[in-house]
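A quick write-up on the structure given underneath.
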Amino acid sequence: MTEDLILETRGLTKEFKGFIAVNDVGMRIRRGTIHALIGPNGAGKTTTFNLLTKFHAPTRGTILFNGQDITTEKPAQIARRGIVRSFQISAVFPHLTVLENVRIALQRKLGLSFQFWRSERVLDQLNGRAMELLDAVDLGRFADLATVKLPYGRKRALEIATTLALDPEMMLLDEPMAGMGHEDVGRVTALIRKVAANRTILMVEHHLSVVEELGDTITVLARGAVLAEGTYAEVSSNPLVREAYIGVSDG
Amino acid sequence: MNVRVNGTLLGIALLLVVGLIAPLLVYPTFMMKVWCFALFACAFNLLLGYTGLLSFGHAAFLSVGGYLAGHACKAWGFTPELGILLGTCAGGAVGYVFGWLAIRRSGIYFAMITLALSQMIYFVWLQAPFTGGEDGLQGVPRGRAFGLIDLDNIYAMYYFVFAVFMAGFLLIYRTIHSPFGQVLKSIRENEPRAISLGYDVDRFKVLAFTLSAALSGTAGATKTLVFQLASLSDAHWHMSGEVVLMTLLGGLGTVFGPVVGALLVITLQNQLPQGVGAWVPVIMGSIFVVCVTAFRRGIVGELQALFRR
């Protein structure tokens with residue numbers, strides 16, 4: 001195969017004290033696509049995410065990023081390589097301002113994060129870029145607000161802006177629509193499409209309409225193993241997938 | 001934003017004025033004790049209030065600074081400022097080791113590791129030949145600061161101590177408001193997210209722990225010079241609890257809270273004993289319970305919340 005793979009897993013397995021949460025998962029994610037990971041509750045989607053970003057260590061298997069083996073690296077190293085994840089529950093810094101949330105992501109590249117003797121005013125040089133990112137997700141007018149006061153949907157948008165601040169080669173979104181109202185779903189879907197323009201996205205998502213709209217490739221997990229992979233049309237007509245989702249009797 | 005900055009400037013100015021005129025109004029030795037504990041509590045607050053790490057072993061660093069500075073000034077003829085420098089470095093060095101070990105766990109386990117390690121330090125002081133065991137390290141000379149200023153003059157000593165406090169306080173203030181401080185706050189707020197942004201949070205925690213321990217060492221060394229004594233009570237776990245009380249009472253994660261908390265606790269300890277004696281711990285305990293149930297943000301925290309409304 002000559003397709004351009006950004007991330008590949010081989011035989012990825014995670015056992016928790018005898019319980020196999022992820023079993024021999026092989027995924028191939030092509031560069032520049034939106035790849036969705038779906039499956040019923042307990043299928044191992046979030047565990048797979050945690051394995052890919054090293055928040056869990058795999059029991060067996062290999063993870064390749066741009067052809068390099070990253071299986072043994074630490075979470076912060078993975079992030080510095082350009083794989084940045086979001087979390088199922090919104091991951092913001094609630095008592096920092098909205099602007100500071102984005103700036104903390106921009107700050108790392110300046111290489112002065114250990115300098116406890118310098119004034120934080122040196123960070124003001126990042127404000128312009130931070131505002132651009134906030135404007136991109138329609139949060140510009142909230143810049144000086146304490147993040148804890150934002151409504152939920154806005155927090156998710158802020159989270160995406162913070163992730164984008166790192167200019168990641170690949171974004172991993174763990175249920176970006178979880179807990180959102182109908183309006184927000186539409187807004188965030190559009191936002192994800194916009195930011196996917198020149199990067200790769202792997203997302204876990206329950207809203208099948210969102211998956212249908214965004215996903216170039218869909219991997220279906222069930223009981224920790226890959227059940228099917230393909231376009232939305234392919235997997236949705238797969239009888240095994242229908243069975244896993246709806247149950248045998250409804251075949 | 002401007003209101004907050006102005007409030008802070010006002011607070012620092014107030015602190016300076018109070019610090020400069022206090023010895024004219026209050027017994028200087030009492031105020032020196034207050035500044036030593038205020039620095040200790042501020043150092044502790046850097047860790048608990050701004051990084052979210054609860055150490056229950058900070059007495060260890062206070063005592064490391066105290067005993068080493070005391071011994072250096074008494075036996076090796078160190079000048080007071082060198083003694084304090086040594087106490088600071090020693091506190092930081094011990095803090096680095098403690099921090100490196102303790103950050104492997106979080107929450108209650110983190111606190112318990114720091115407690116266990118600080119108990120080890122307590123027994124070192126109890127057994128070591130130079131510490132005077134139960135009697136403490138007595139007769140530490142105050143000496144001449146920079147070889148010039150005679151610190152046996154109580155006012156000279158007072159302003160020396162106040163200068164040390166202000167230096168430590170301003171360093172902590174700067175640390176909180178530095179690029180490093182921003183990362184610390186992000187770790188406090190959401191550690192997994194800080195990791196996912198590419199920060200090696202363990203290294204930040206160790207540096208925060210080391211800084212906090214070093215400044216606790218500064219406080220301990222200064223306190224030893226004030227009382228010309230380093231004693232086991234500085235190393236006892238009561239002391240680790242007391243600094244938690246001071247910080248929470250004054251306002252966790254506020255710049256001035258620990259100073260107010262220290263002032264209040266030391267005042268109570270010094271003023272209550274006539275008559276109440278053994279009831280002091282009970283009174284302190286009651287205050288603590290009232291504080292954490294009725295006004296959780298502490299005195300300064302509640303005042304800030306009031307003004308922001």
Per-residue contact mode, [X] against chain B (heavy atom under 4.5 angstrom):
{"X": "A:Phe87", "answer": "side chain"}
{"X": "A:Gln107", "answer": "both"}
{"X": "A:Leu166", "answer": "side chain"}
{"X": "A:Leu123", "answer": "side chain"}

Checklist entry - Any idea which heavy atoms bring A:Ser86 and B:Arg193 closest together, and the distance? => result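 Heavy atoms of A:Ser86 and B:Arg193 come nearest at CA-NH1, 4.3 Å.
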
Next on the checklist: Could you report the tightest heavy-atom contact between B:Arg174 and A:Trp117, atom names first, then the distance?
Outcome noted: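 Looking at all heavy atoms of both residues, the closest pair is NH1-O, 3.1 Å.
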
With a 4.5 Å limit on heavy-atom distance, are the side chains of [X] and [Y] in contact?
{"X": "A:Arg85", "Y": "B:Ile195", "value": "no"}
{"X": "A:Val122", "Y": "B:Pro179", "value": "yes"}
{"X": "B:Asp200", "Y": "A:Arg80", "value": "yes"}

Within a 6.0 Å radius of atom [atom1] on [X], are there more than 12 heavy atoms belonging to other residues, nucleotides or ligands?
{"X": "A:Arg31", "atom1": "CZ", "answer": "yes"}
{"X": "A:Lys149", "atom1": "NZ", "answer": "no"}
{"X": "B:Tyr109", "atom1": "OH", "answer": "no"}
{"X": "A:Phe55", "atom1": "CZ", "answer": "yes"}
{"X": "A:Asn198", "atom1": "CG", "answer": "yes"}

Next on the checklist: What part of B:Leu184 gets within 4.5 angstrom of chain A, counting heavy atoms only: side chain, backbone, both, or neither?
Outcome noted: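 The answer is neither part of B:Leu184.
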
Checklist entry - So which part of B:Leu207 gets closer than 4.5 Å to some heavy atom of chain A, the side chain, the backbone, both or neither? => result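 Only the side chain of B:Leu207 comes within 4.5 Å of chain A.
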
Next on the checklist: Out of A:Ala79, A:Ser113, A:Pro94, return the one with the most heavy atom pairs under 4.5 angstrom to chain B.
Outcome noted: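 Maximum pair count with chain B is reached by A:Ser113.
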
Checklist entry - Looking at A:Arg103, A:Glu159, A:Arg121, which makes the most heavy-atom pairs under 4.5 Å with chain B? => result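 Among the listed options, the one with the most contacts to chain B is A:Glu159.
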
Checklist entry - Yes or no on side chain to side chain contact (heavy atoms under 4.5 Å, CB included) for B:Glu189 and A:Thr147, after CA distance, side-chain angles and deciding distance? => result CA-CA 11 Å; B:Glu189 299 277 300; A:Thr147 304; over 6 Å; no

Item to check | Distance in Å, B:Phe204 CZ paired with A:Phe116 CZ, rounded so as to fall on 0.5 Å steps | outcome: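 It is 12.5 Å, given to the nearest 0.5 Å.
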
Checklist entry - Measuring from A:Ile78:CD1 to B:Ser196:OG, what's the distance to the nearest 0.5 Å? => result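 Between atom CD1 of A:Ile78 and atom OG of B:Ser196 there are 12.0 Å.
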
Item to check | Intermediate values then yes/no, side chain to side chain contact (heavy atoms under 4.5 Å, CB included), A:Phe93 and B:Leu197 | outcome: CA-CA 12 Å; A:Phe93 304 117; B:Leu197 295 181; 3.9 Å; yes

Checklist entry - Without hydrogens or angle criteria, can the side chains of A:Glu120 and B:Gln182 be said to hold a donor-acceptor pair below 3.5 Å? => result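 A donor-acceptor contact under 3.5 Å links the two side chains.
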
Checklist entry - Between A:Ser119 and B:His177, does a side chain to side chain contact (heavy atoms under 4.5 Å, CB included) hold up when you go through it step by step? => result CA-CA 6 Å; A:Ser119 166; B:His177 298 95; over 6 Å; no

